[in-house]
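The structure appears right after this line, and notes come after that.
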Protein chains: 2
Amino acid sequence: MLAPQRPPMATTPPPQDPSPDASADSVAPAFSPLYQQIKGLILRSLQAGEWKPGDLIPSEFELAARFKVSQGTVRKAIDELATDNLLVRRQGKGTFVATHAEQHIQFRFLRLLPDQGTLDDQGPAERRIIDCRRLRAPAEVARPLGLRSGDPVLLVRRVLAFGGTPAILEEIWLPGGPFKGLTVDALASDTGPMYALFESQFGVRMVRAVEKLKAVAADADTAERLNIAEGHPLLSVERLSYTYNDTPMELRRGLYRTDTRHYRNELS
Amino acid sequence: MLAPQRPPMATTPPPQDPSPDASADSVAPAFSPLYQQIKGLILRSLQAGEWKPGDLIPSEFELAARFKVSQGTVRKAIDELATDNLLVRRQGKGTFVATHAEQHIQFRFLRLLPDQGTLDDQGPAERRIIDCRRLRAPAEVARPLGLRSGDPVLLVRRVLAFGGTPAILEEIWLPGGPFKGLTVDALASDTGPMYALFESQFGVRMVRAVEKLKAVAADADTAERLNIAEGHPLLSVERLSYTYNDTPMELRRGLYRTDTRHYRNELS
DNA sequence: CAGTGGTCTAGACCACACT
DNA sequence: GTGTGGTCTAGACCACTGC
């Protein structure tokens with residue numbers, strides 16, 4: 001293959017001539033580079049579960065052959081997926097589907113760090129489940145999750161502590177469909193990150209999230225659970241997490257004690 | 001040039017044979033890809049002020065000729081500098097040095113957004129300088145800034161408001177040397193982002209920052225300035241900003257009202 | 001039109017991991 | 001050694017900008 005500028009793709013049509021724009025809807029040049037189309041195809045395989053978290057995916061040359069493009073084009077597609085934390089490259093070994101089951105992820109999603117002390121010399125958080133109920137979604141939960149009011153949802157409440165001192169009170173709302181069968185026992189007996197359990201038991205991988213932070217005063221119930229005085233300032237962290245195609249899959253609201261810890265964020 | 005695997009670079013030596021490791025200090029394979037060396041050279045030109053914020057830098061081919069490498073290698077170096085927000089590529093025009101003087105940067109560093117309402121329909125913040133004093137650095141300010149206690153520093157205090165309602169009270173600590181000559185008048189008469197003024201007047205470009213967030217209760221003075229009750233929960237945001245070679249250049253502490261706004265953060 | 005960055009390809013070789 | 005990702009090169013063509 002020496003000349004073909006744009007080898008036809010079986011599933012995604014090459015950029016079409018934009019002259020007879022059928023849709024009257026704005027301009028839409030509709031040009032998409034080949035490597036973006038490849039990225040889309042790989043993404044689809046990830047969503048479809050062809051490769052599961054932790055799996056080794058085919059080599060760049062294999063994928064290039066499958067998609068009928070050069071290895072460099074596949075490489076660029078994988079590069080972007082790797083910087084989006086969907087894939088992990090390991091030189092000499094291959095490319096793997098990213099997973100929450102391992103590594104230093106307790107710093108990518110849980111940003112509460114001790115004020116003093118070096119890195120995670122605080123050890124992992126101790127977790128205590130308060131309850132896990134199945135109920136019908138109130139409107140303010142249904143909307144962000146893309147559900148309708150009254151749809152079945154799960155509500156998990158728990159406390160995280162460090163060194164015996166409670167630090168976080170969390171409410172976790174999950175859509176009932178994808179998480180059918182989640183029980184308090186499964187949560188309590190699990191020892192790893194909760195997002196790893198979501199991957200292995202429900203095939204749901206959280207890819208990104210948006211958090212809204214506020215300072216609030218502790219109410220009576222919260223104060224008791226976190227062992228502080230009522231009215232004590234707390235950091236409210238509301239998180240909406242998304243899985244592969246920007247589908248929201250978890251709404252979480254945490255109340256963080258920040259007397260001896262802080263929420264760390266990097267701006268760039 | 002067909003064969004040279006590692007064309008010698010004038011300024012940065014090519015990877016040396018690691019067999020006679022002179023330094024007994026650990027392993028240190030000391031292998032650095034060419035494009036990383038190029039990245040370093042471009043970075044050095046940025047630090048030296050050869051190209052200033054907003055400037056057009058030489059084309060990829062010009063840089064390739066200067067550094068005696070291929071255009072693709074320069075491209076990879078520029079790619080990384082662009083994803084680090086140090087350079088901005090504009091197809092058909094060229095590559096420019098990133099600047100705070102323009103665009104949508106009020107969202108990269110000021111993350112306080114209205115709870116309701118669409119995007120920045122709140123308009124720009126109204127700024128009121130409380131004072132701008134030159135004094136000697138206390139220890140807790142000197143340390144993060146890489147100074148010694150007693151070194152000259154500038155302290156700027158100001159209030160930011162949206163629609164007439166005060167929302168943020170800020171203390172800004174700057175090293176006296178690089179910011180010699182900064183006056184309250186310059187600050188008050190300026191209309192753009194403060195970081196843009198730092199670039200144009202002092203040649204200091206902020207590249208990245210680390211923030212530590214806590215929930216705190218308003219003290220009497222703060223409460224009055226922000227028009228809230230004493231004890232009201234506030235979001236404390238402590239920011240350390242860095243310029244090119246990871247040199248800290250600003251310590252900022254803000255107290256944010258979060259009753260009708262929130263601090264937004266994206267996790268990925 | 002010329003000049004810039006953006007995409008795509010093809011081939012060579014290096015660094016790393018496993019066997 | 002073999003196979004993987006990582007680097008580097010060279011050349012072609014596309015897309016956008018501005019003269």
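Naming: A, B, ... by sequence-line order, numbering from 1 per chain. Side chains are part of it too, since the values below use all heavy atoms of this structure and drop only hydrogens, waters and symmetry mates.
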Mind calculating the distance between CD (B:Q36) and C1' (C:dA15) to the nearest angstrom?
15 Å
Rounded to whole Å, how long is the line connecting atom CG of B:L87 with atom P of C:dG5?
11 Å
Please determine, for C:dC1, whether a Watson-Crick or G-U wobble partner exists with both distances under 3.5 Å, and give it or none.
D:dG18
D:dT4 OP1/OP2 closer than 4.0 Å to side-chain N/O of A:R90
no
Parallel, tilted or perpendicular: rings of A:Y195 and A:H100 (30°, 60°)
perpendicular
I need the CG-C1' distance between A:L34 and D:dA12, as an integer number of Å.
15 Å
For residues B:E211 and B:Y263, is any side-chain donor paired with an opposing acceptor at under 3.5 Å?
yes
Is the cationic atom of B:R90 (NZ for Lys, CZ for Arg) positioned less than 6.0 Å from the six-membered ring centroid of B:F96 and within 45 degrees of its normal?
yes
Could you list all N or O pairs between the protein and nucleotides 1-3 of chain C that sit under 3.5 Å apart?
residue: C:dG3; atom: N2; partner: B:G92; partner atom: O; Å: 3.0

Side chain of B:R89 only, heavy atoms from C-beta on: which candidate in D:dG5, C:dC8, C:dG6 is closest?
C:dG6
Euclidean distance, atom CZ of residue A:F61 to atom P of C:dC13 [Å, nearest integer]:
14 Å
Among residues 70-81 of chain A, which residues get a heavy atom nearer than 4.0 Å to DNA chain C?
A:S70, A:T73, A:K76
Rounded interatomic separation in angstrom, taking OH from A:Y35 and C1' from C:dC8
12 Å
Could you state the CZ-P distance from A:F67 to C:dC8, rounded to the nearest angstrom?
14 Å
According to ring-ring contact (aromatic ring centres under 6.0 Å, His included), who are the partners of B:F179, at least two apart in sequence or on a separate chain?
B:F198, B:F202
